[in-house]
Amino acid sequence: MALRFFNTYSRSIEEFHPLDPDGRAVKMYTCGPTVYSEAHIGNFRAYIFEDLLQRHLELRGFTVQRVMNLTDVDDKTIRGSRAANIPLAEFTAPFKEAFYQDLDTLQIKHADSFPAATEERFVQAMIAMIEKLIGRELAYQADDKSVYFRINRFPKYGHLAHFDLAELRSTGRVKSDEYDKEHVGDFALWKAWDEEDGAVWWESPWGRGRPGWHIECSAMATTLLGEQLDIHCGGVDNIFPHHEAEIAQSEGCSGKPFVRYWLHCAHLLVEGQKMSKSLGNFYTLRDVLAKGYRGREVRYALLRVHYRAPLNFTWEGMEEARQALARIDEWLRRLREAAGAENLPANRAVAIEDDKFAAALDDDLNISAALGHLFEQIRESNRELDGGIDAARALAWLQWWERINRVLALEAGAEKPSAEIARLAEERVHARLAKDWQKSDELRDALQARGWDVRDTKDGQLVTRRAGA
RNA sequence: GGCGGGGUAGCCAAGUGGUAAGGUCGGGGUCUGCAAAACCUCUAUUCGCGGGUUCGAUUCCCGCCUCCGCCUCCA
């Protein structure tokens, strides 16, 4: 079955075919974070969805070239740097670093490039684009010295969001001093310097100033990926105005369709409500880790709901993620044991022909159906394990899993017991041989308190790292 | 008001014009010194509400209720 995605532009499911004549190379652009603070779990829901998309495309044989921008100049970053009384770059650097660490924690593949808006070559690219837009009368400099995009000259403006511009209602978020524009919907391409910007400015044909948010993405995307992209992603809140503006700017310059497939993920709710600091339900990834959860558990919790459905983040859901992963861990442990420590030649295993997991993902990334199938197969193979299976069969199951895990990226890293854990475990073995059950149970409690589960099997004691510990 | 996305078991959630995947939780069982894990087993006469089409609708159509989001720089 062909790969297909819901395209926000057409509001329908479409078969996916990249622009590449060979049908293999995929150019993908994803809006990244504004680095004025640590990213929150809602941000990561979007990045995990994009990671799932990239990994599945790769599983299906596509070569994905992916760009994710970092917005390191805007009102919030400038405000933060002034409050901290340090230069802008110094203010944003630790948040960039934290972001990369968080991506690793969540096993999100790094993009091929993470362009930052303040890089000189991109600023120059933005200026060049704005000049071109002015030359085509798609932009103008207003009395306030800022440059705006003239939306009335771009008839497609509003198509992505399916908005009729005449019916737009103001929500009061428009700054009241923006009366220099020809149309309230005209958006800033270049913002003239004002005192609030402090030392943050670049020279331009229109005087000192800084780029508008939307032009950053257009410039970085077209500089790094070319005038036409296959896929562009983000959260639904980016549809309007951000992505709408990107289309207007990019196509205004190139005259070519900017993006073939627009994919947007729904929001994350926390305990049924929008995440907000005032409600006290605002969490960064690090907040969740501080409660004792691990990155893979957060990844599972944010991954398991279809990207176009709202995802309700709850602590109960985190526990569910922990249990589900523990089940996968135990299944893998048993399979490895059955496959044997010695390296069985891979060709001894009769491959398990089962593509249902990936086939589910072909259908607009139906992760729930895919995971449902995984767990059905886990039950099936556990039955086989209970009945005693040969090493080749166990290896075949492991190979089946490894393919799936290229997309899920949920496997735990191996962790060796410390000397203390090993000593406690050894003592417990002796206690059990002496049938000293009281001491045995005490040692088990001691190990569990240190994050290790202890089980007694027919082959002896088994000590494993507890999920989430 | 306009434009979207949801409402399926305690919780999360898939799905189809033909009689409800999967996860998690809970009950029972096998196993165990006790546990744990694994496996077996039970838990929605029912898919927000009301109509309609149909032999048959959770699925299609109409109306309504409700939650969430966007409507000019929030993933």
Side-chain angles (χ1 to χ4, degrees), chain A residues 6 8 11 30-34 39-50 71 74-76 151 158 161-171 173-175 178 181 183-188 191 212-216 233-242 244-245 264-269 272-276 300-301 304-306 308-312 314 316-317 319-324 326-327 329-331 333-334 360 363 366-376 378-379 382-383 385-387 432 435-438 440-441 444 448 453-458 462 464:
Chain A
F6 183 86
T8 306
R11 296 277 155 85
T30 53
C31 288
T34 300
H40 57 70
I41 55 175
N43 299 121
F44 286 113
R45 196 248 168 130
Y47 306 142
I48 285 174
F49 140 65
E50 291 155 1
T71 297
D74 79 322
D75 290 350
K76 284 178 285 201
I151 62 170
H162 293 228
F163 281 163
D164 181 343
L165 295 182
E167 292 181 3
L168 290 187
R169 173 195 278 193
S170 172
T171 53
R173 277 166 53 177
V174 191
K175 276 166 69 182
E178 290 189 359
K181 299 187 289 186
H183 185 290
V184 289
D186 289 351
F187 55 88
K191 303 183 86 152
W213 178 43
H214 312 306
I215 196 71
E216 290 174 18
C233 309
V236 287
D237 50 332
N238 273 161
I239 295 172
F240 194 89
H242 186 54
E244 198 74 70
H264 293 97
C265 76
H267 270 113
L268 177 86
L269 300 174
Q273 292 185 289
K274 185 171 180 173
M275 187 163 52
S276 75
Y300 184 91
R304 65 199 234 274
V305 175
H306 183 83
R308 284 194 290 117
L311 191 164
N312 190 16
T314 62
E316 191 178 354
E319 281 304 312
E320 180 184 328
R322 171 167 291 178
Q323 291 306 319
R327 191 156 158 221
D329 292 346
E330 174 62 12
W331 170 65
R333 193 199 59 73
R334 294 181 77 197
D363 181 17
N366 189 341
I367 188 68
S368 300
L371 288 173
H373 182 63
L374 167 64
F375 282 104
E376 282 175 356
I378 287 176
R379 173 173 299 142
N382 268 326
R383 277 197 200 108
L385 283 160
D386 282 353
R432 289 178 57 70
K435 294 199 188 295
D436 184 347
W437 306 128
Q438 189 183 336
S440 166
D441 289 350
R444 180 167 62 197
Q448 283 182 330
D453 279 333
V454 183
R455 288 179 276 160
D456 300 305
T457 72
K458 60 178 162 50
L462 192 64
T464 52

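Naming: A, B, ... by sequence-line order, numbering from 1 per chain.
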Original post:
What's the NE2-P distance between H267(A) and G4(B), to the nearest Å?
Top reply: 18 Å
Original post:
Can you check whether W437(A) stacks with the G33(B) base, using ring centres under 5.5 Å and planes within 30°?
Top reply: yes
**OP:** Nearest 0.5 Å please: distance from the SG atom of C31(A) over to the NE2 atom of H264(A).
**Re:** 7.5 Å
Subject >> Spacing of H242(A) atom NE2 relative to C74(B) atom P, expressed in whole Å >> reply: 10 Å
Original post:
When the nearest nucleotide of RNA chain B is assigned to A266(A) and to A161(A) on a heavy-atom basis, which residue is associated with the more 5' position?
Top reply: A161(A)
Original post:
Quick one: the side chain of R432(A) and the base of G33(B), do they pair up donor-acceptor inside 3.5 Å?
Top reply: yes
Original post:
Could you state the CG-P distance from L374(A) to G23(B), rounded to the nearest angstrom?
Top reply: 10 Å
**OP:** Using the P atoms only, state how far G52(B) lies from A13(B), rounded to an integer number of Å.
**Re:** 32 Å
**OP:** Using both distances under 3.5 Å as the test, list the Watson-Crick or G-U wobble partner of U46(B), or none.
**Re:** none
Original post:
Are L462(A) and R333(A) close enough that some pair of their side-chain heavy atoms sits under 4.5 Å apart?
Top reply: yes
Original post:
H264(A) near the nucleic acid: base, sugar-phosphate alone, or nothing, with a heavy-atom cut-off under 4.0 Å?
Top reply: nothing
Original post:
What interatomic distance, in whole Å, is found between C1' of G56(B) and the corresponding atom of U19(B)?
Top reply: 9 Å
**OP:** Figure out the CZ/P separation between R45(A) and G6(B), and round it to whole Å.
**Re:** 11 Å
Subject >> Among A38(B), C3(B), A21(B), the one nearest E376(A) by side-chain distance >> reply: A21(B)
Subject >> Check: E50(A) side chain, T30(A) main-chain N or O, donor-acceptor pair, under 3.5 Å >> reply: no
Subject >> Pairing nucleotide - G1(B), Watson-Crick or G-U, each distance under 3.5 Å >> reply: C71(B)
**OP:** Could you tell me whether L385(A) contacts a base, only the sugar-phosphate backbone, or nothing, with contacts defined as non-hydrogen atoms closer than 4.0 Å?
**Re:** nothing
Subject >> B/S/- contact track for nucleotides 10-15 of chain B, protein heavy atom under 4.0 Å >> reply: BSSSSS
**OP:** Record whether the side chain of R444(A) comes under 3.5 Å of the base of A35(B) through a donor-acceptor pair of N or O atoms.
**Re:** yes
**OP:** Please tell me if the side chains of E244(A) and I151(A) come closer than 4.5 Å, counting only heavy atoms from C-beta onward.
**Re:** no
Original post:
Which part of the nucleic acid, if any, lies within contact of T71(A), taking any heavy atom under 4.0 Å across all strands shown: a base, the sugar-phosphate backbone alone, or nothing?
Top reply: nothing
**OP:** Determine yes or no for a side-chain-to-main-chain donor-acceptor pair under 3.5 angstrom, with S368(A) supplying the side chain and R304(A) the backbone.
**Re:** yes
Original post:
Rounded to whole angstrom units, what separation is found between the CH2 atom of W331(A) and the C1' atom of A38(B)?
Top reply: 14 Å
Tabulate atom names and distances for all N/O pairs under 3.5 angstrom spanning the protein and nucleotides 40-43 of chain B.
| from | atom 1 | to | atom 2 | distance (Å) |
| --- | --- | --- | --- | --- |
| C40(B) | OP1 | R383(A) | NE | 2.3 |
| C40(B) | OP1 | R383(A) | NH2 | 2.3 |

Original post:
Does C34(B) have OP1 or OP2 sitting under 4.0 Å from an N or O in the side chain of R455(A)?
Top reply: no
**OP:** Name the pairing partner of U24(B), where a pair is Watson-Crick or G-U wobble with both distances under 3.5 Å, or state none.
**Re:** G10(B)
Subject >> Partner nucleotide, any strand, of U32(B) [Watson-Crick/G-U, under 3.5 Å] >> reply: none
Original post:
Which of the following nucleotides, C71(B), G5(B), C74(B), is nearest to the side chain of F240(A)?
Top reply: C71(B)
Original post:
If you take all heavy atoms of F187(A) and A245(A), which pair is closest and at what distance?
Top reply: CZ-CB, 3.4 Å
**OP:** Indicate yes or no: at least one non-hydrogen side-chain atom of Y300(A) is less than 4.5 angstrom from one of L371(A).
**Re:** yes
Original post:
Do the side chain of D363(A) and the main chain of A360(A) share a donor and acceptor less than 3.5 angstrom apart?
Top reply: no
Subject >> P spacing across the pair A20(B) / U46(B), given as an integer number of angstrom >> reply: 12 Å
**OP:** For the side chain of D237(A), starting at C-beta, report the closest nucleotide among C68(B), C74(B), U72(B).
**Re:** C74(B)
Subject >> 4.5 Å side-chain heavy-atom contact, R444(A) and D456(A) >> reply: yes
**OP:** Report yes or no: does R45(A) contribute a side-chain atom to a donor-acceptor pair with the main-chain N or O of L269(A) at less than 3.5 Å?
**Re:** no
Original post:
Does the side chain of D386(A) reach to within under 4.5 Å of the side chain of R383(A), using non-hydrogen atoms?
Top reply: no
Original post:
Between I239(A) (CD1) and U72(B) (C1'), how many Å, whole number?
Top reply: 14 Å
**OP:** Write down the distance separating the C1' atoms in G23(B) and G15(B), rounded off to the nearest Å.
**Re:** 15 Å
Original post:
W213(A) vs H242(A) aromatic rings, parallel, tilted or perpendicular, using cut-offs 30° and 60°?
Top reply: parallel
Original post:
If you look at every strand shown and take non-hydrogen atoms under 4.0 Å, does N43(A) touch a base, only sugar-phosphate, or nothing?
Top reply: base
**OP:** Could you tell me whether G42(A) contacts a base, only the sugar-phosphate backbone, or nothing, with contacts defined as non-hydrogen atoms closer than 4.0 Å?
**Re:** base
Subject >> Interatomic distance at C1', C25(B) relative to C61(B), whole Å >> reply: 39 Å
Original post:
Roughly, in whole Å, what's the span from CZ in R308(A) to P in C70(B)?
Top reply: 18 Å
Original post:
Can you find a heavy atom in the side chain of R379(A) that is under 4.5 Å from one in the side chain of E376(A)?
Top reply: no
Original post:
How far does the P atom of C64(B) sit from the matching atom of U72(B), given to the nearest Å?
Top reply: 26 Å
Original post:
Which value, in whole Å, describes the distance between the C1' atoms of nucleotides C60(B) and U53(B)?
Top reply: 8 Å
Original post:
More 5' along RNA chain B: E319(A) or R334(A), using each one's nearest nucleotide?
Top reply: E319(A)
Subject >> For atom CG of D456(A) and atom C1' of U32(B), their distance in whole Å >> reply: 8 Å
Original post:
Which value, in whole Å, describes the distance between the C1' atoms of nucleotides U54(B) and C67(B)?
Top reply: 32 Å
Subject >> Any R327(A) side-chain N or O less than 4.0 Å from OP1/OP2 of G23(B) >> reply: yes
